[in-house]
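Heads up, the thing below is written out as structure tokens.
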Amino acid sequence: MKNETPRTDQHIEQGIGISSGIAIGPAYIIDQHGVPVPEYEIPAAKIDKELKRFHSAIAKTQRQLGQLKQKAESLPAGAEDIILLLEAYKGMLSGSRLVRGVEELIREDHINAEAAIQRQIGAIKASFAGMDDPYLAARAADVGDVGVRLIRHLLQQHYNPFADVPQGSVIVAEEITPADTAMMNPDFVAGFVTVLGGAEGHAAIMARALGWPAVSGIAGLMQGLTAGDIVIIDGREGKIIMRPDAATLQHYRQELAKKQREDKKLRTLKDVAPVTTDGTTITLQANLELPRDVEAAIEAGAAGVGLLRTEFQFMNRPDLPDEDEQYEALKKLIHDLDGRPITIRTLDVGGEKLATALGAATGDSVNPALGLRAIRLGLKEPKLLDTQLAAILRASVHGPVRILIPMVSSVAQMKQVREHVLQVERRLQRRGIKVPNIPPLGAMIEIPAAALAADALAKVCDFFAIGSNDLTQYTLAIDRGDERVADLYDPFHPAVLRLIQFTAAAAWRANIPVSLCGEVAGDRRATALLLGLGLREFSMGPLRLPAVKQEILQLSMPQAVAFAEAIMAKSDEADIRALLEQGVGTDSMVKDKKKRS
Ligand code: PEP
Ligand code: MG
């Protein structure tokens, strides 16, 4: 492969840009194979639970195959074979020899579902072997493929398919989960392209945090590329160029060099305070997905961590971290932050964010984004919540810590959580562990109900953090991780902006701090608008911080207020987008202001 001249039959595909920037590199294709499978005994009392786990994996695999089929149907031509194959795969998941055999093995041999699948695939393949028929040989391979899909859903990938990625690779996969992203080595991956996935899903957020250009929604991806083909990702335009010709390659190499020069310039702002031209100081903090991001946060000049997503502690493992393990991880982070404050969010799993060990607890919701997730799960599984709270309280003696609660929808929930915090503190005291200052307790405002009840919530919260990602998802009823409705996902929709404005005002009235930590915080086009809506604190992916700072250094508060007023006077999203693209101080904005006065 290495010595071959790369193919240059250039082909361009349009998808959705989920993380901007340009990446150029050889394709590293993540296929479904080579999953190491653990085998263990299931006690008789847990057989039903294991069968349920198997059926839940079937449901997830069916859903994934359905989505892939829909994608294939959108291909212009030549996808009939893929569609037929995906239909055949779906067929293998109901009442088939594969499914029946696995059920029997779990029930009779008392083994875990993954191992049962592997054994049953082996048995089916063996019965095909010896039949000298290429068609049947292909069907045996298909059964294997379906089995591996099931196993991947069961394991939720706590094996590492990215272990051997050569440096500079562009990862090509049907789908990338946040857990996958956590396993990729940032020094080796140039960017990624997928068939499935929306712009605000967590894999996208992580790509942006790591500065990886990424594009999703490319239907013919897996069929269009061979391992080692050169791929260009144009994250801003949302397109990929497969096997580029020499002229295209040169053009993109120049663009990449230009971007690198700009980034270098922005890095010189590291120690410059984010103050507007008329003297208002803005707080810029970093969102952390993984502890390794802390270095980038400090490098970017972040004043602290405005959002620590603690899900990383629960990913890619079959068990739950205990209190000590969580405490040690938090203590290390606090230590690395060297006195800078950190806002630690309690576990926010459920929906698209999954934790293997919690599979049974989060269960199968018909509507996962509206189901048992985040603090709802914590309050239903108090041991889970209390263990994490104990770890946070213990860690809080090492530096300035705040506790943030995700997916809050009512005052009662916050009161309940505060009770938990106090109870955990008393329990720690009984164990001889003193927590002299209980950290401030705040709510994520990311459900429209919480935003609309912000005045009441402010009375039971020490601070607010607005989660514009979920606030957009729930206000507009758009799944943030679904590429098919990605064009409707709009954090600048007037309804979302009004909820942000209302929340900020409620916090000001109650005199509690309010920050915004959704993805728009890191979008420099939104900075003036958000300042104008009353926000003074932002938390974002570390790599996006310098550009936002540069924006702040060029703005005055009256300008920001006028800009926000002009935008809030619009009811059409397209007009809002146009104003955002034009930026502060544009003719249309001035005209608008004159018209109103
Ligand atoms: C949000 O919803 O805006 C947010 C910051 O939380 P997450 O993206 O982790 O759901
Ligand atoms: Mg959220």
Side-chain angles (χ1 to χ4, degrees), residues 18-19 177-179 181-182 197-210 284-290 293 297 305-315 342-355 362 368-378 402-409 413 442-451 454 463-482 486 489-493 496-497 499-500 503-504 514-523 526 530 535 537-542 544-545:
I18 59 175
S19 177
T177 66
T181 323
E200 300 306 329
H202 274 80
I205 291 177
M206 286 171 101
R208 289 197 283 268
L210 290 161
L284 297 183
Q285 297 193 318
N287 291 350
L288 295 196
E289 309 292 321
L290 299 169
D293 300 340
V305 171
L307 170 66
L308 173 69
R309 292 183 166 106
T310 52
E311 292 76 70
F312 74 88
Q313 294 186 308
F314 296 77
M315 279 175 185
I342 179 166
T343 300
I344 303 174
R345 185 174 72 183
T346 58
L347 185 62
D348 187 9
V349 291
E352 58 153 2
K353 306 167 190 164
L354 294 166
T362 49
L370 306 181
L372 190 58
R373 50 172 298 198
I375 194 56
R376 301 168 181 185
L377 178 67
R402 304 194 302 178
I403 304 174
L404 179 59
I405 308 300
M407 297 281 300
V408 171
S409 58
Q413 275 175 333
M444 288 284 293
I445 304 296
E446 52 184 348
I447 295 181
F463 67 96
F464 283 163
I466 302 175
S468 53
N469 306 336
D470 277 315
L471 192 59
T472 306
Q473 157 164 274
Y474 294 120
T475 305
L476 305 181
I478 304 293
D479 185 339
R480 59 193 267 195
D482 188 337
Y489 181 97
D490 181 9
F492 302 117
H493 187 291
V496 180
L497 295 180
L499 290 174
I500 292 176
T503 305
V514 55
S515 66
L516 188 139
C517 58
E519 287 300 281
V520 282
D523 182 344
L530 296 171
L535 290 155
E537 287 179 32
F538 303 104
S539 189
M540 64 201 78
R544 307 175 89 192
L545 197 145

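Computed from a predicted model, the values in this text were never measured in an experiment. Scope of the values below: all heavy atoms of this structure, side chains included, with no hydrogens, waters or symmetry mates. Both ligands and their constituent atoms are indexed starting at 1 by order of listing.
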- Message: Would you say the Mg ion (ligand 2) has D348 as a near neighbour, meaning an N/O/S atom of that residue under 2.8 Å away?
- Response: no
- Task: Check for a donor-acceptor pair, side chain of T503 on one end and backbone N or O of A454 on the other, with a separation under 3.5 Å.
- Result: no
- Note on the structure: Sorted by chain and residue number, the side-chain hydrogen bond (donor to acceptor under 3.5 Å, both in side chains) partners of D479 (sequence neighbours excluded) come out as none
- Please work out whether any backbone atom (N, CA, C, O) or any side-chain heavy atom from C-beta onward of I466 is under 4.0 Å from ligand 1, and answer side chain, backbone, both or neither. neither
- Under 4.0 angstrom from ligand 1, any heavy atom of R345? yes
- Which atoms of ligand 1 are found less than 4.0 Å from any heavy atom of L307? 5 (C)
- Subset of ligand 1 atoms that lie under 4.0 Å from at least one heavy atom of I205: 8 (O)
- Query: How is the N/O/S atom of E446 that comes nearest to the Mg ion (ligand 2) named?
  - Reply: OE1
- Test item, R480 contacting ligand 1 (heavy atom, 4.0 angstrom): yes
- Item | Where ligand 1 meets C517 - atom numbers and elements under 4.0 angstrom, heavy-atom basis | 5 (C)
- Message: Can you confirm, on distance only, whether ligand 1 has an N/O atom lying under 3.5 Å from any N/O atom belonging to R373?
- Response: no
- Message: Using a 3.5 Å distance criterion without hydrogens, assess whether the side chain of N287 forms a donor-acceptor pair with backbone atoms of C517.
- Response: yes
- Task: Determine yes or no for a side-chain-to-main-chain donor-acceptor pair under 3.5 angstrom, with R544 supplying the side chain and A286 the backbone.
- Result: no
- For D470, the ligand 1 atoms whose distance to one of its heavy atoms is below 4.0 Å: 1 (C), 2 (O), 3 (O), 10 (O)
- Pick from L308, I375, I405, L307: which one makes a side chain to side chain contact (heavy atoms under 4.5 Å, CB included) with R345? L307
- Mind checking whether S468 has an N or O less than 3.5 Å away from an N or O of ligand 1? yes
- Which of the atoms in ligand 1, numbered in the order shown and given with their element, are less than 4.0 Å from a heavy-atom of E446? 1 (C), 2 (O), 6 (O)
- Task: Check D470 and report its N/O/S atom nearest to the Mg ion (ligand 2), by atom name.
- Result: OD2
- Task: Please lay out, stage by stage, how E537 and L516 fare under the test side chain to side chain contact (heavy atoms under 4.5 Å, CB included).
- Result: CA-CA 7 Å; E537 287 179 32; L516 188 139; over 6 Å; no
- When you measure from the side chain of N469 to the backbone N and O of E519, does any donor-acceptor pair fall under 3.5 Å? yes
- Message: Please determine whether any non-hydrogen atom of E519 lies less than 4.0 Å from an atom of ligand 1.
- Response: no
- Query: Between R480 and D470, does a salt bridge (Lys or Arg N to Asp or Glu O under 4.0 Å) hold up when you go through it step by step?
  - Reply: CA-CA 8 Å; R480 59 193 267 195; D470 277 315; 2.8 Å; yes
- Query: Do any N or O atoms from the side chain of Y474 and from the backbone of A369 form a donor-acceptor pair under 3.5 angstrom?
  - Reply: yes
- With a cut-off of 4.0 Å, which atoms of ligand 1 are near a heavy atom of G467? 1 (C), 2 (O), 3 (O)
- Message: Closer than 4.0 Å to some heavy atom of M444 - which atoms of ligand 1 meet that?
- Response: 4 (C), 5 (C), 6 (O)
- Message: Under the side chain to side chain contact (heavy atoms under 4.5 Å, CB included) test against T346, which residue among L404, L377, I403 passes?
- Response: I403
